[in-house]
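Values below: every heavy atom of this structure, side chains too, minus hydrogens, waters and symmetry copies.
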Amino acid sequence: MSHLLLKRNKFLSLLKNQYLLLPITSSATKTLTNPDPQSQNPFSIFKISHYATQSSKFPEYEMPTVTWGVIQGKKEKLVNRVKICDYLKGLGIITDELESIELPSTIEVMCERVEFLQKLGLTIDDINEYPLMLGCSVRKNLIPVLAYLEKIGISRSKLGEFVKNYPQVLHASVVVELAPVVKFLRGLDVEKQDLGYVLMKYPELLGFKLEGTMSTSVAYLVSIGVSPRDIGPMVTQYPYLLGMRVGTMIKPLVDYLIYIGLPKKIVARMVEKRAYIIGYNLEETVKPNVECLLSFGIKKELLPLVIAQYPQILGLPVKAKMSTQQYFFSLKLKIDPEGFARVVEKMPQIVSLKQNVIMKPVDFLLGRAFQLEDIAKMVVRCPQILCSRVELMKNSYYFYKTEMSRPMKELVEYPEYFTYSLESRIKPRYQKLQRKGIRSSLNWFLNCSDQRFEERLEGNFIDADTEGPIFDMGGKLDMPGGEIVSDEEDEESDDEVLYRRTLTL
């Protein structure tokens, strides 16, 4: 009996091997694809096994790639890739950079991406600037990123411009890369409504690492005396500071300003109010401008005061502006180069003042019978009169001639008279002097605070006119009467007094 069973098993194994070696016919294929429910062929399973083993002759089908839900082999991928590249070339898109990235499986998907980018406002030239954006999925990359950008304050009409300026953002992860940077900016006190403005101005911020340049630049600015609460407004005004390296850009500039005589506290205040100063190139712009100012006759000890009053002068084309203004002052006002240097020391903004603006107050004074020589003296003493509004000068001059009835010589000696408010200072103080029967110089009753003026009115003597503050390079601010102030108070307020004076000027 066992002998018969053994023979039967051998016979079945031979049948199985015979079926496995048979080629698949069209009818067999039909049976596989559309099996007949009435067929009860017990060997149909082997035919399926035979079909599976036959595919091993084509190794490219062994590891199918799933791309956008479509199973493709290497040959199909290559064919579709060629078709897609031909389609893109037909649109004028250069495909050289696309060789290293995975493209979609069909032309329809690529067409969808191109149309989406064009609706966003990008042109073919914009795409050619960064063709890798074509590797971004509309649903997985473009829509989530753009929706987040719109959420944080970038208007939909400007999204195209944003992508054009920083197309790498399309590859970013909203959760992992974009959101942490926005959170960091909010932590610096950048207002929520300003986020869009900041990122439109410097979109590369979204690609920075939090623990890198951004953190170190903020830490250094705080270390030199910048108030932490002012970092947010500084970033809003000049977001590029977050991308500047401390060791190569920020610190060398700060050290140089301190070297030429500006106290560190003043540098910190300058940077707080005008953060763009940090962006001035030290070797190519700042140092040449400082040397230029000295070559035009600016006194070295007054150079820090010039910069404190007008920090923008460090980044201007100083040589061209100084040459033009010096020639103009010599031609129109008969002010020699030395006098022009004194004007710049007292009001460095003069280098950027338009010549037609300068001539308006000059023409007004000429029309009131002032001699050109006297006007030159007035400008050298108080160049701020060149910024005065002619309408206000007319009112002050009329009051001076009709109510005060003083000689014009006093105006030549004290042209600062035109810089004071007629209604809030000149008129009320003069009326008090009249009631007291006191006659004094213009400087005595105008060049002091309200409190000091009241003290002078109550006093039984008239103290001498005082000069303005003097700034010594590398030293403290020396104020007249400073000997009555304690050393502690002097140390705390010197820099602030200088800064307030520069703002007032």
Side-chain angles (χ1 to χ4, degrees), residues 297-299 302 305-306 309-310 325-326 328-430 433 439-449 452-453 464-470 480 501-505:
I298 305 300
K299 295 179 182 178
L302 294 178
L305 184 58
V306 170
Q309 290 184 70
Y310 191 45
Q325 294 294 64
Q326 187 185 70
F328 176 77
F329 273 67
S330 175
L331 180 66
K332 296 292 185 178
L333 303 179
K334 307 303 178 186
I335 296 176
D336 58 18
E338 183 179 353
F340 177 71
R342 304 291 81 78
V343 169
V344 175
E345 288 171 355
K346 294 175 181 176
M347 195 182 79
Q349 293 87 345
I350 201 73
V351 302
S352 300
L353 202 61
K354 293 182 179 180
Q355 295 175 0
N356 63 325
V357 175
I358 293 174
M359 287 306 299
K360 288 180 180 179
V362 173
D363 291 338
F364 166 77
L365 294 174
L366 288 172
R368 301 303 181 274
F370 284 92
Q371 298 298 316
L372 187 59
E373 181 181 352
D374 291 335
I375 295 175
K377 292 178 182 179
M378 296 169 70
V379 170
V380 172
R381 177 180 171 87
C382 180
Q384 285 77 15
I385 63 173
L386 297 177
C387 299
S388 301
R389 292 174 55 189
V390 173
E391 294 79 5
L392 300 179
M393 292 180 71
K394 286 180 180 178
N395 295 336
S396 297
Y397 180 78
Y398 181 78
F399 182 81
Y400 181 86
K401 293 297 292 182
T402 58
E403 299 294 330
M404 300 175 69
S405 302
R406 296 195 176 204
M408 293 174 61
K409 182 182 177 181
E410 284 195 54
L411 288 178
V412 176
E413 294 175 350
Y414 193 71
E416 292 90 336
Y417 170 83
F418 289 108
T419 65
Y420 294 110
S421 169
L422 176 63
E423 299 299 329
S424 63
R425 176 164 292 199
I426 297 176
K427 189 180 292 186
R429 290 192 180 186
Y430 178 74
L433 289 178
R439 181 174 178 83
S440 66
S441 66
L442 296 174
N443 186 10
W444 185 86
F445 81 91
L446 291 177
N447 187 23
C448 60
S449 64
R452 187 62 181 271
F453 177 70
D465 295 338
T466 58
E467 296 294 332
I470 302 171
R501 181 181 179 238
T502 58
L503 288 183
T504 303
L505 293 175

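- How far CG of L331 is from CD of Q326: 12.5 Å, rounded to the nearest 0.5 Å.
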(message) If you apply the rule side-chain contact (heavy atoms from CB on, under 4.5 Å), what do you find for K394 with E391, and how did you get there?
(response) CA-CA 5 Å; K394 286 180 180 178; E391 294 79 5; 5.6 Å; no
(request) Please assess V362 against L365 for the test side-chain contact (heavy atoms from CB on, under 4.5 Å), listing each intermediate value before the final yes or no. (result) CA-CA 5 Å; V362 173; L365 294 174; 5.9 Å; no
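- With rounding to the nearest 0.5 Å, the separation of CZ in R429 from CH2 in W444 is 10.0 Å.
- Listed for the Q384 side chain is no donor-acceptor partner under 3.5 Å among the backbone atoms of M347.
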(request) Begin from the C-alpha positions of Q325 and Q355 and carry the test side-chain contact (heavy atoms from CB on, under 4.5 Å) through to its verdict. (result) CA-CA 8 Å; Q325 294 294 64; Q355 295 175 0; 3.6 Å; yes
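- Note on ring orientation: taking the six-membered ring where Trp is involved, the planes of F418 and Y397 are parallel (angle under 30°, cut-offs 30° and 60°).
- Taken from OG1 in T419 to OH in Y414, the straight-line distance is 6.5 Å, to the nearest 0.5 Å.
- A side-chain contact (heavy atoms from CB on, under 4.5 Å) with L442 is found for exactly one of Y420, Y430, Y400, namely Y400.
- A donor-acceptor distance shorter than 3.5 angstrom exists from the side chain of R425 to the backbone of L446, with no hydrogens or angles considered.
- In this structure, the side chain of K346 does not engage the main chain of C382 through any donor-acceptor pair within 3.5 Å.
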(message) Please evaluate residues M378 and I385 with respect to the criterion side-chain contact (heavy atoms from CB on, under 4.5 Å), reporting the C-alpha separation (whole Å), side-chain torsions for both, the decisive distance (0.1 Å), and the verdict.
(response) CA-CA 8 Å; M378 296 169 70; I385 63 173; 4.1 Å; yes
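- K334 places no side-chain N or O within 3.5 Å of a backbone atom of E373 that could act as its donor or acceptor partner.
- When all heavy atoms of S388 and P361 are compared, the closest pair comes out as O-CG, 3.9 Å.
- Among all heavy-atom pairs drawn from P428 and E423, the shortest one is CD-O, 3.3 Å.
- One finds the OG atom of S421 at 7.0 Å from the CD1 atom of I426 (value rounded to the nearest 0.5 Å).
- Within the model, atoms CD1 of I350 and CD1 of I358 stand 4.5 Å from one another, a figure rounded to the nearest 0.5 Å.
- Listed here is the closest heavy atom pair of E345 and G297: OE2-O, 3.9 Å.
- The distance from the CZ atom of R389 to the NZ atom of K360 is 10.5 Å, given to the nearest 0.5 Å.
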